[in-house]
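The block underneath contains the structure these notes are about, expressed in structure tokens.
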Amino acid sequence: MNNVNMIGRLAMDVKVGNNVSTSLLAVKRIYKSADSEDTDFIPISTFGRNADVLSKYCKKGDKVGVSGRIKTSTYTDKQGVAQHGFEVVAEHIYLLSNSKQSHSQSHEDSQAHNTLTDADVNELSQRLHQASKTAEVTVGDSDLPF
């Protein structure tokens, strides 16, 4: 199963090209052993109507939820070294807060994306946290294809 759910803030303005939008999602990582946290910057991309909605309604700093899958890639750099990368392909976008929400929207635009309340965000976060506790998987070096 290849499924990813994240909530974070856009770390850069959305780039659009050929019906594809890309950005970076800043996601907090909280450490259990100490009262500290770190931030991961996850590349995201989305296509079609989701790309239109993301580029039209979101900008750097906006809070979004993303549900999708991880896509890996491999390429050879100028020095001939194989490089590996990944991105999250967002199949569902949830606009949690942004500067354009206060403007009036047509019924079609409001149906094109979901806007969640703070209570919805808290419930979603708790459900994702609970799901991550129950699904432990051990992967050894022999399980990896590379």
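FYI, side chains are in, hydrogens and waters are out, and symmetry mates aren't considered; it's all heavy atoms of this structure. Please read all numbers here as calculations on a predicted model, not as lab measurements.
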Practice problem: Not counting sequence neighbours, which residues clear side-chain hydrogen bond (donor to acceptor under 3.5 Å, both in side chains) with Gln79? List them please. | Solution: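 Partners of Gln79 under the side-chain hydrogen bond (donor to acceptor under 3.5 Å, both in side chains) test: none.
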
Side-chain ([X]) to main-chain ([Y]) donor-acceptor, under 3.5 angstrom:
X	Y	result
Asn50	Phe47	no
Ser23	Met12	yes
Ser67	His92	no

Are [X] and [Y] connected in the hydrophobic side-chain network, where two residues link if heavy atoms are under 4.5 Å apart?
X	Y	answer
Val81	Tyr75	no
Val20	Ile44	no
Val4	Val89	no
Leu25	Val16	yes
Val14	Leu24	no

Restricting to non-hydrogen atoms, name the atom on [X] and the atom on [Y] that form the minimum distance, rounded to 0.1 Å.
X	Y	answer
Ala11	Ala26	CB-CB, 4.3 Å
Leu95	Cys58	CD2-SG, 3.2 Å
Ser45	Thr22	CB-CG2, 3.8 Å
Leu96	Val64	CD1-C, 3.8 Å

With rounding to the nearest 0.5 angstrom, report the [atom1] to [atom2] distance, [X] to [Y].
X	Y	atom1	atom2	answer
Ile42	Glu87	CD1	CD	11.5 Å
Lys59	Leu54	NZ	CG	13.5 Å
Gln83	Asp77	CD	CG	4.5 Å

Quiz prompt | Pairs where residues 4-29 contributes a residue and the test salt bridge (charged side-chain N to carboxylate O under 4.0 Å, His left out) is met, not counting sequence neighbours | solution =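 Listed by first then second residue: Lys28-Glu37, Arg29-Asp38, Arg29-Asp40.
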
Quiz item: Within a reach of under 6.0 Å around CG of Asn18, are more than 12 heavy atoms found that belong to other residues, nucleotides or ligands?
Solution: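 Counting other residues, nucleotides and ligands, CG of Asn18 stays at 12 neighbours or fewer.
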
Would you say [X] and [Y] make side-chain contact, with heavy atoms under 4.5 Å?
X	Y	value
Ile7	Lys63	yes
Val53	Thr46	no
Ile93	Val66	yes

